[in-house]
Participant: 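I have a structure I would like to understand better, so I am pasting it below and will then ask my questions one at a time.
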Amino acid sequence: MARRVIIVGGGVAGIQTALTLSQRGIPTLLLERESELGGKLTGWHKLFPSFTPAHEVLDELRQRLNGSGVEVRTQCEVCHVERSGVTLASGERLAADAVVVTTGFTLFDARVKEEYGYGIYDNVYTTADIERMLNEGRVAMRDGSAPRRIAFLHCVGSRDEKVCQHHCSKVCCITGVKQAMELKEMFPEADVFNFYMDIRMFGPGYEEMYRDAQQRLNIHFVRGRISEASPTLDGRVQIKAEDTLTGRPLKMSVDMLILIIGMRSNASNAVFAADAGLQCQPSGFLAPRDLFLHNTESNVGGIFYAGAVTAPKNIGESLSEAVVAADRVTEYLKRA
Amino acid sequence: MAAMNFGFGINRPRVIDLDRNNLRKSDEILREMPELQTCIGCGACTALCTAGNLTSFNFRRVHTLVRRGEYEGAYEEMNKCMLCGKCRLACPRGINTRGVVMLIKRKLGDF
Amino acid sequence: MNRNWKEYQKEIADDRYYYARSCIRQNFFPGSEKAFLDIMRNDLGRDCFDDPLHTSCTGIGYHADIVPLDTIMAVVARQFALMGEAGYENFISSCITSFGIYTEILATWEEFPETEERARENLYKATGRTLVKPKNLSHTSDVVFHHREAIAARARHRLVNVLTGEPLRVVEHIGCHYAKIFPKSGVGGSEFPYVLAGMIESWGGECVDYPERRHCCGFGFRNYLVQANRGYSVANTQKKMESMAPYKPDFIVANCPGCAMFLDKWQYTIAEMEGTTYGENGHGIPVLTYEEMAGLVLGYDPWALGMQMHQVDVEPLLDKMGIEYDPAAKYLGMNGKYIGQPASAIVNCGSQDTIYNIKQ
Amino acid sequence: MRFYAPFCLPFLIGVAVMFSLIVWKYVVWFAELPRADKKRVLYGIPTPRTLAAVWEVIRECLLHRRIFRVNPLLGYMHMSLAFGWFLLIVVGWTETVAYLGLHWVPLQGHVFFRYFAPPLMLRDKPFFDFTMDLLLLFVLSGVALAWLKRFWSRAMGMRRTTRHVPGDRIALSALWFIFPARLFAESITCGIYGMGGFLTGGLGALMASAFGRSTLVVFEQGAWWFYSIALGVFFVALPFSRYMHIFTEIPLIFLRRYGVRPHEKESSGDQFQIQACSRCGICIDPCQLQSVLGIDNVQSVYFLRDRRYGMLTRDVAQNCLMCGRCQVKCPVGIDLNTLRLNSRDTMRNTPDERRYEYFAGLDRSEGAGKVGYFAGCMTLLTPRTLSAMERIFAAAGEEVWWADRNGGVCCGRPLKLSGETDSARRMMEYNTQLFRRHGIRTLVTSCPICLKVFREEYRLDGIRVVHHSQYILEMIEQGRLRLGRGMATYTYHDPCELGRGSGIYEEPRRVIEAVGALLEPAHTREEALCCGSSVANTVISDADQVRIAESVAGELAATGADAIVTACPLCKKALVRGTSSVEVCDLSEIVAKNLR
């Protein structure tokens, strides 16, 4: 029987790996926990830095997948992974000659940062909420009115030892700037403030977008980490921070406080690691064999990684890593 | 009734209260010179400031405070600037720093 | 607005308490400490042992950098030893700062066993007693919180405005040392401490959640003790007052000696120095300790609770709660002796504009 | 013999209005001159300068020699109009005298002599007919060129011309109609009476044969009315329009000869300069703000116009590199930079006694010696220049007192350029006392901006102020510096404040020649381009500065030289941003490199 590859996780990385493998004539089974493919991409509205509609990328990938002959099974969650195959939540065991783990990441649960009052005060949101609202076409405060003052807070759940998330999720900064621009364009009268420790514009066109946000849209970037949020009488949110560039504490009440949440490793990483003897990084992301020549292989032969399961990545990086993973799998199957 | 003197005064809060501050003047300044908003606070201008290394004058800090609506004393501080133009050569964001000094003094002159 | 305080549960003993008094509260609110013992013993029938041998925890000295760590450890060890000798296992402290000290020292012993050995040795050398560690350490407000339903059952008055039937709007202020140093040691954790809110809600009141709710009242030893810092201390209270004023609270309840004292007294200072007053009638917002609040709910006589010593007049609050009291007997001490009357001021405890003629 | 006809009325009104206004303006301006300037004028009159002034008036007001230098065709146009009209008046006047003898003839008699001549039935004088027609043709050629320039200005060597305000347009069109109207009117009269020269007579005869004398008679009155109205409108418009230049340039030349100059504070003397501007637009093309950045509302022509009509805005006054390129080209020789400066002074100068209190007791200088070296704030940002100068001083065996190595007080010119002259004065006083206290005999500076202010504003008598290029040349000539001549080729960028600002062109070039070959770029010496980063401009953005720098560096690199050399730290910083291919260095660097 021709050799079969199972891909765990139907996000952008999973789909691209499946596509590349099927182009090379290797039968592939793509398993996805949710009811539809696309992973986190399904939740996004527009993609930085070009404001490309997320559904464009998604539809393109899905459309390519339909014509590719890859076997796809949705709504089945993988709970155990071994070199020889995977076990589903339903107990069913699926054999495979190689497994590619593309389970991606989990959004940091902002409720853990209790002092920001997410899930407690009315007008505290996360970037995921905003993307959802943008997708629904209407962004507004809890009482439906338009915000006149919006504050974004960078690094929520990243670079924060208090919540054991030491790593930098790198894509949330640019997401924050993107949403700040989208909201400012949606509410031109509003003042938008971004509170940051460091602005990390790592990708091409990101710095220019940051500068455009500052100059054209007059978005205020305040270097200082909001320490505390509390509700005011009229349902707004009072925030406190230090404007470290002037060394003065700063206090203001805003209509919407938007927490720019980072990427957390999946809980399933630890489980998979235990099953198959995979190595994890301190941040909880799975550790590739090395970061250079074998950055898509795990320390166990036959198990491969692609996408944000090993580290925070943007969509472009995940897609290219998927192709590399597929290439490694083909090579592995040829040798084995 | 005259205010009692108990031998101490109540400390004034140092907080920048953006609810109470009137940002009209700062918006006017930013409308006239939007590039000022691209300041990333690297401090290159203040580092080589001629007046800055003779006094406590800190150009970056003063214009940041003005952008937060803290106009108190901004004019007197900016008056320490000799307008020699060194800062304009250093700014990585290409901000017309001398223009900012003159703009702030003009806008806040009668404050 | 839901609060996730439930995750911070704390185990509070039900009976047989070894009661450690507070050096400050005996002076600022003697009535409150007495009321606590009365409520526990008479109303709830609990055993509270008020051991004459125990001392204060020297917390003020420790926080003011006068008392070194080893000394305070020895004193605390002696307190626990006394508790052991008296046959009690549940140690309760009346003062928040003491509670912070006891928690901190127990945690230090936990973390660094060698300090416990040193303390054990110092105790033995100094007093010949052997160190014992309490099975349960709680603050007296935890205890009242624990018995809040029992008190509610015996309540003669509710925290309700009898004229309008509306629940009283209450600002609760938790001492910083209660849960901000060790979040696990406080009911509800440090973000949303529930110990006073629980009392208020079970006795019919309504909690006010204003932005500066968690801000410190400014009592800090080094702040109010040293005149140069006193301005900073008042500034903190002013910040809290400014933030709570729009919510029009009926009264403030606190569980720490300093907060109850200074939130009350600083209103006078602010009124005198800057002329600004808070509260609806412009004469300030009354500040109660939780024992006084419990006492009022159980129908104790306000003057017996010592509420005439408060800076802000409590009469308006008492009228709202429909409590019978003899306004004229305000300044008659326990045995009816006239204890003097303060001069009138905007925010003062001499009700100069009331119609009653104060009995001399 | 009555020289009165109804159509003379508009002309007479025009003349009356014009002369009364002009005289009133001059009297007022002169009266408000500061005492010192009035004294200069009174003492100046009985001196040969007056003769020189008269010769200059002829050379400039009539012949417009400086415009010829800009473009010969343009020069001819202006000369024909000015000189031609002048001769028409003079020769016309001699003609009336020739016919009627010396007794008094009213003004309109002279101007409309052709109309009044026939009734006198005098023998026509062929000489006058001929010369008058020749002169008229001469002027008409100028008018034709003026029409051409309006539609095709490039033919006259001008890429851009002035956008005129409505008032100027009216005066302009009136001027353009005067001489054709005269030709037409005179031709009709000549046609009726069969007289006139080759032009008017010829045209008259032609019209007579075409339309017949009777129709001409009908048109005669109308033609002369049209001519008179054209004159009248022009004269009334003149005092308010750009043509005030015609008369104002004369007193301007005399005042300038007597040494009346605009200075840092506005004075009524400036009005002579401002209203002498004919808004010809020659100052537009040299302005790099316009040619590179397309900013076309701040050039000197518009600045003077706005200031004259009291609509000068801050942005126009501040948005100027003050590089002096337009001043060099201005045919009227108006002191454009100083006028711009005193406008800025009026707008921004706020005397403040307590300002710069922190100067008191400040001295961060270092070393000791008769020669003081004031590097300049900008030079502190070009350390290669500093280290080169250090090696040069060492090589020359010079004991140097370093005035501002650890930072010091700025020379004051950038602040003065922004208009805050009184505060700048406080800096200058501080520095003057500093130089005096350290007893230096020679003050060397690497920054032309400092050089210009040391020379013009500081009172440093007893201290010789030189730029480091001059100092290096002296050292070479005194043999205290021996340089090897390498094979490298250099091209030299003249800093505005050094060249046009301080007149130093030769010294840097001879120093460069001492170390290598010098290749001159297209625009050089007085015509040299400005690097774009002038401290005088606080309006243009950083990106604009780079665009100007790129255009200048491009031209310098086009010479194919190995390196671009300049003598100003600011120009060096600007040009480095303008080119990535050619190395840019300061004069002192190439000298230090070739020290032996």
Side-chain angles (χ1 to χ4, degrees), chain B residues 28-40 42 44-59 63 73-111, chain D residues 314-315 318-319 344 347-348 350 352 354-360 362 364 376-382 404 406-420 423-424 426-427 430 447 449-450 533-546 569-570 572-574 576-577:
Chain B
E28 263 171 48
I29 289 169
L30 287 174
R31 208 171 310 116
E32 224 167 293
M33 194 165 277
E35 74 205 45
L36 179 55
Q37 192 71 310
T38 67
C39 167
I40 52 175
C42 67
C45 54
T46 321
L48 50 78
C49 173
T50 320
N53 71 45
L54 305 176
T55 67
S56 64
F57 169 57
N58 180 326
F59 168 70
H63 81 68
Y75 181 80
E76 289 69 27
E77 276 299 300
M78 280 303 189
N79 244 350
K80 292 182 181 156
C81 161
M82 302 191 216
L83 229 58
C84 73
K86 278 171 77 176
C87 49
R88 183 157 191 192
L89 291 179
C91 177
R93 281 293 222 209
I95 295 170
N96 177 0
T97 49
R98 297 174 77 241
V100 168
V101 170
M102 290 163 67
L103 175 64
I104 287 181
K105 275 168 65 173
R106 176 159 50 85
K107 288 284 177 189
L108 301 180
D110 46 24
F111 214 79
Chain D
R314 205 177 344 87
D315 287 345
Q318 293 288 2
N319 194 357
R344 291 184 179 183
M347 283 182 174
R348 293 203 68 250
T350 46
D352 173 358
R354 288 190 350 277
R355 193 162 181 196
Y356 299 136
E357 270 159 350
Y358 61 88
F359 285 168
L362 187 73
R364 297 170 71 103
C377 297
M378 299 295 174
T379 316
L380 299 176
L381 291 179
T382 55
D404 65 346
N406 310 318
V409 172
C410 169
C411 68
R413 181 156 167 74
L415 192 65
K416 179 177 164 53
L417 287 172
S418 81
E420 299 178 40
S423 305
R426 299 171 75 82
M427 284 197 227
Y430 165 79
C447 170
I449 304 168
C450 304
S533 295
S534 152
V535 284
N537 189 310
T538 52
V539 174
I540 59 171
S541 74
D542 198 68
D544 291 342
Q545 286 182 336
V546 172
L570 201 47
K572 180 186 171 190
K573 282 276 183 190
V576 161
R577 288 168 17 143

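It should be emphasised that the depicted structure is a prediction, and the values quoted were computed from it without experimental measurement. Chain letters run A, B, ... following the sequence lines, proteins first, then strands; residues in each count from 1.
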Participant: Looking only at heavy atoms, what is the nearest atom pair of Asp542(D) and Arg88(B), with distance?
Facilitator: N-NH2, 3.5 Å

Participant: Pick one of side chain, backbone, both or neither for Gln318(D), based on which atoms fall under 4.5 Å of a heavy atom in chain B.
Facilitator: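 Only the side chain of Gln318(D) comes within 4.5 Å of chain B.
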
Participant: Heavy-atom distances under 4.5 Å only: say whether Asn53(B) touches chain D with side chain, backbone, both or neither.
Facilitator: both

Participant: Side chain from CB out, backbone as N, CA, C, O: work out which of these in Val546(D) comes under 4.5 Å of a heavy atom of chain B, or both, or neither.
Facilitator: neither

Participant: Is it the side chain or the backbone of Arg364(D) that comes within 4.5 Å of chain B heavy atoms, both, or neither?
Facilitator: side chain

Participant: Of the backbone (N, CA, C, O) and the side chain (C-beta and beyond), which part of Ile449(D) lies under 4.5 Å from a heavy atom of chain B, both, or neither?
Facilitator: neither

Participant: Look at Gln545(D), Glu357(D), Glu420(D) and state which one has the largest set of heavy-atom pairs under 4.5 Å with chain B.
Facilitator: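 Max contact count across the listed options: Gln545(D).
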
Participant: How long is the gap from CZ on Arg314(D) to CG on Leu103(B), to the nearest 0.5 Å?
Facilitator: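 One finds 8.5 Å between CZ of Arg314(D) and CG of Leu103(B).
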
Participant: Give the minimum heavy-atom separation between Phe359(D) and Met82(B), together with the two atoms involved.
Facilitator: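 Closest approach of Phe359(D) to Met82(B), heavy atoms only: CE2-CE, 3.9 Å.
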
Participant: Working to the nearest 0.5 Å, report the span between CD of Glu35(B) and OG of Ser541(D).
Facilitator: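 The CD atom of Glu35(B) sits 6.5 Å away from the OG atom of Ser541(D).
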
Participant: Heavy-atom pairs under 4.5 Å with chain D: which of Gly94(B), Cys91(B), Ala51(B), Gly85(B) has the most?
Facilitator: Gly94(B)

Participant: Tell me which of these, Gly99(B), Cys84(B), Cys81(B), has more heavy-atom pairs under 4.5 Å with chain D than the rest.
Facilitator: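 Highest number of heavy-atom pairs under 4.5 Å: Cys84(B).
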
Participant: Between Leu570(D) and Leu89(B), is there a side-chain heavy-atom distance shorter than 4.5 Å?
Facilitator: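 Of all side-chain heavy-atom pairs linking Leu570(D) with Leu89(B), at least one is under 4.5 Å.
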
Participant: Give the minimum heavy-atom separation between Arg98(B) and Asn537(D), together with the two atoms involved.
Facilitator: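 Closest heavy-atom pair between Arg98(B) and Asn537(D): NH1-O, 4.2 Å.
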
Participant: So which part of Arg348(D) gets closer than 4.5 Å to some heavy atom of chain B, the side chain, the backbone, both or neither?
Facilitator: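 For Arg348(D), the contact with chain B is made by the side chain alone.
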
Participant: Determine the option with the most heavy-atom pairs under 4.5 angstrom with chain B, choosing from Gly407(D), Cys411(D), Gly408(D).
Facilitator: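 Heavy-atom pair counts peak at Gly408(D).
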
Participant: Which bit of Asp404(D) is near chain B, if near means a heavy-atom gap under 4.5 Å: side chain, backbone, both or neither?
Facilitator: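 Neither the backbone nor the side chain of Asp404(D) comes within 4.5 Å of chain B.
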
Participant: Distance check, rounded to the nearest 0.5 Å: Met427(D) atom CE versus Leu83(B) atom CG?
Facilitator: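 Separation between the atoms: 7.5 Å.
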
Participant: Please name the pair of heavy atoms, one in Lys86(B) and one in Met378(D), separated by the smallest distance, quoted to 0.1 Å.
Facilitator: N-CE, 3.9 Å

Participant: Below 4.5 Å from any heavy atom of chain B, which atoms of Leu380(D) appear? Answer side chain, backbone, both or neither.
Facilitator: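 Looking at Leu380(D), just its side chain touches chain B.
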
Participant: Compare every heavy atom of Met102(B) with every heavy atom of Thr538(D), then report the nearest pair and how far apart it is.
Facilitator: CG2-SD, 3.4 Å

Participant: Please report the closest heavy-atom contact between Tyr75(B) and Thr350(D), naming both atoms and the distance.
Facilitator: OH-OG1, 4.0 Å

Participant: If I measure from the heavy atoms of chain B, does Leu381(D) come under 4.5 Å with its side chain, its backbone, both, or neither?
Facilitator: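 Side chain of Leu381(D) only, per the 4.5 Å heavy-atom cut-off to chain B.
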
